[in-house]
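Whatever order the structure lists them in is the order used to number ligands and atoms, beginning at 1. Bear in mind that the values here come from a model prediction, so they are computed numbers and not experimental data.
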Amino acid sequence: MCGIVGIIGKENACEIILKGLERLEYRGYDSAGIYVANQETDHLVKAPGQLTNLAQKLTPEITGNIGIGHTRWATHGVPSEENAHPHLSQGGRFVLVHNGVIENHLELQETYLNGLALNGQTDTEIVVNVIETLSEKEHLSAFEAFKKALEEINGSYAFALIDTQDPTKLYIAKNKSPLLIGCGEDCYLVGSDAFAMIHETNRFIELKDGEIGILTPQQLWLEDADGQTIDRAAYTAEVEAADIEKGLYPYYMLKEIEEQPSVIRRLLQTYFDEQHQPIIDDTLIKQLLASERIYIVACGTSYHAGLATKATFEKLTQIPVEVHVASEFAYHQPLLAKEPFFIYLSQSGETADSRQVLVQTNELGAPSLTITNVPGSTLAREATYALSLVAGPEIAVASTKAYTSQVALMTILAYTLGQAKNNPLCSAFDIFHELELAATSMEEILYEKEALKIAAHDFLANQRNTFYIGRGNDYYVALEAALKLKEISYIQAEGFAAGELKHGTIALIEEATPVIGLITDEKTKAHTRGNLQEVKSRGAHVLVIVQANFAQDGDQVRLPVVHPYLTTLTSVVPTQLLAYYATLERGYDVDKPRNLAKSVTVE
Ligand code: M6R
């Protein structure tokens, strides 16, 4: 969602901000803007649409040693130049960028703005004018007015503010939306994530909810919600600028799909010792073992990863597992077990829907674990425990390697618990070896990607709708496959429990409707084949993705055989490639699908 970059102390602020905004593009946006200033001049430039529209307006005289930039994902008001950030107050004194949602913006407008005409429809424009009104009416300094406005605000925000009358300070504040401080040489930066600043520094200071700060080129001053000064040390991030480059790949999504075998191998290096025994924090394991029921809470692809591991998790741990969509759980909480344990699956670690649930379960005093790709993220910090997916930055909006890493790490966790319980199923499961084999199998599937390109052309490229069907874990992969296809190719796709089709949905099958069947389970293979026959008889164009040991003549995509606990790692790969190639063929931007954001920081 919205991305923020700011800097103070570098003459080429505009260039640095633009680079930062490019690095934030992956988060999703529909307009962008930059404000830069020095003691003599200032410039505010905004443009709807792609960042290139903004870049074209940035002439060489637009320079400054302080500035803020923003990519906006529209919430209040259409994507337009007026609604793009930074927002300038009507009196021209303050310039503000914001990521989040101000829930009481209409009340603030009514209380403070006295009918003042605004340029657009955003909540942020109201806030910048509230700051200006407070500074004028109550004769407050910029910092005092900013603080006072924050006291009045309900909602989520990451703010960066400049006082145009004194462009020697950058004011920042955070509540529920991500914001990180970058410590450069003779400069400070601020950004929605480390990627936005990694071209200038790899040293960062975390900002926590309720904190507010002032940055100058040499100094950083932070205070908490109670006005107490904070002295927080910087940490060095492991992410390198090269990690977030595409290299020779045309799209991040393809790069990330191809990285999946190495992500599995990195998990093996991270979570196993030299004897191939799992190494996961003992206290976490004990607390999980003491739980009566495990609740996995997640959204989108991460939710599908939760579903795809539920059966194995229950088998290996003998603890019941429920998987919930965070946005539903937050407002319709089920009756909880007496000793619940919550697992939050989130690539970004910033998803507002999941965080909303975490806040509630923390209030209940329930123990929790966040499994995320971003170790310092909000969900990681606020849960009792955190485990890293070690997948490396995932830039494409469509999540791929985070999914497989979540499935693999959940399996490692389940195995560790089962082993601690002496579950005989664990003795019969050489998880290290089986995961190594799964990584190799993924590679084998990737070698055959040309065949999937052809299949995408033959089955999907010109279609308006598609079905993925399967049973059990194949059904859960079908859900993920359909999400992947629809989010980037805009083909309406549905993941369906194969046996459920005949109870209504089969009415949608007509001549040439693509139906993609997933078969990796001995128990259900015959039934899924039966369901595929049913749709074929009604004209469907059937593509079968099948594990090689269950293959029959005419099946198009054959998967190497992996351990039954790990089939969701391999069967998802061809579906990712199908989505990728179908999207290419339809001429859309694979990495930046319309309307979507990588990190969904609003509820
Ligand atoms: O960062 P998270 O894993 O919490 O994000 C959850 C979903 O927004 C995310 O998985 C989304 O569904 C993906 N873009 C799908 O590819």
Side-chain angles (χ1 to χ4, degrees), residues 1 25-29 73 176-178 192-193 195 251-254 256-257 260 296-309 323-330 342-358 368-383 386-389 391-407 409-410 468 476-477 479-490 493 495 572-573 575-580 583 588-603:
M1 294 212 144
E25 276 191 288
Y26 79 98
R27 295 168 71 91
Y29 70 103
W73 189 83
K176 297 191 197 163
S177 297
S192 296
D193 61 32
F195 303 154
Y251 286 97
Y252 282 106
M253 185 180 177
L254 186 60
E256 290 158 8
I257 290 173
Q260 294 178 107
I296 299 176
V297 179
C299 310
T301 290
S302 296
Y303 168 67
H304 295 155
L307 291 173
T309 45
V323 188
H324 290 271
V325 167
S327 55
E328 285 299 310
F329 192 100
F342 288 86
I343 298 182
Y344 294 90
L345 292 180
S346 174
Q347 186 285 133
S348 64
E350 298 294 346
T351 302
D353 289 323
S354 300
R355 189 194 183 223
Q356 171 73 5
V357 182
L358 177 58
S368 57
L369 161 69
T370 290
I371 295 187
T372 179
N373 205 24
V374 186
S377 58
T378 307
L379 286 166
R381 286 199 315 270
E382 295 182 358
L387 291 177
S388 171
L389 291 171
E394 190 181 69
I395 308 289
V397 165
S399 183
T400 53
K401 61 178 179 173
Y403 170 92
T404 38
S405 183
Q406 283 166 340
V407 170
L409 185 48
M410 283 292 285
Y468 279 92
Y476 297 139
V477 173
L479 292 177
E480 172 55 13
L483 175 63
K484 212 81 317 168
L485 185 66
K486 66 187 141 192
E487 73 176 317
I488 58 172
S489 75
Y490 316 141
V572 77
V573 178
T575 71
Q576 297 167 340
L577 288 165
L578 283 173
Y580 173 79
T583 306
Y588 297 119
D589 184 334
V590 175
D591 287 339
K592 287 177 255 158
R594 68 185 179 212
N595 304 339
L596 292 181
K598 181 70 180 164
S599 183
V600 186
T601 50
V602 294
E603 272 187 62

*With Val572, which of Val407, Thr404, Thr400 fulfils side chain to side chain contact (heavy atoms under 4.5 Å, CB included)?*
Thr404
*Would you check if there is a donor-acceptor pair between the side chains of Glu480 and Thr575 at a distance under 3.5 Å?*
no
*Return the set of residues passing side-chain hydrogen bond (donor to acceptor under 3.5 Å, both in side chains) with Arg594 (not counting sequence neighbours), or none when no residue passes.*
none
_Residues in the immediate environment of ligand 1 (any heavy atom closer than 4.0 angstrom)_ = Cys299, Gly300, Thr301, Ser302, Ser346, Gln347, Ser348, Thr351, Val397, Ala398, Ser399, Leu483, Lys484, Glu487, Val600
*asked:* According to salt bridge (Lys or Arg N to Asp or Glu O under 4.0 Å), who are the partners of Arg355, at least two apart in sequence or on a separate chain?
replied: Asp209, Glu382
*Thr351 side, atom OG1; Gln356 side, atom CD - distance, nearest 0.5 Å*: 13.0 Å
*asked:* List the residues meeting side-chain hydrogen bond (donor to acceptor under 3.5 Å, both in side chains) with Tyr344, not counting sequence neighbours, and say none if there are none.
replied: Thr361
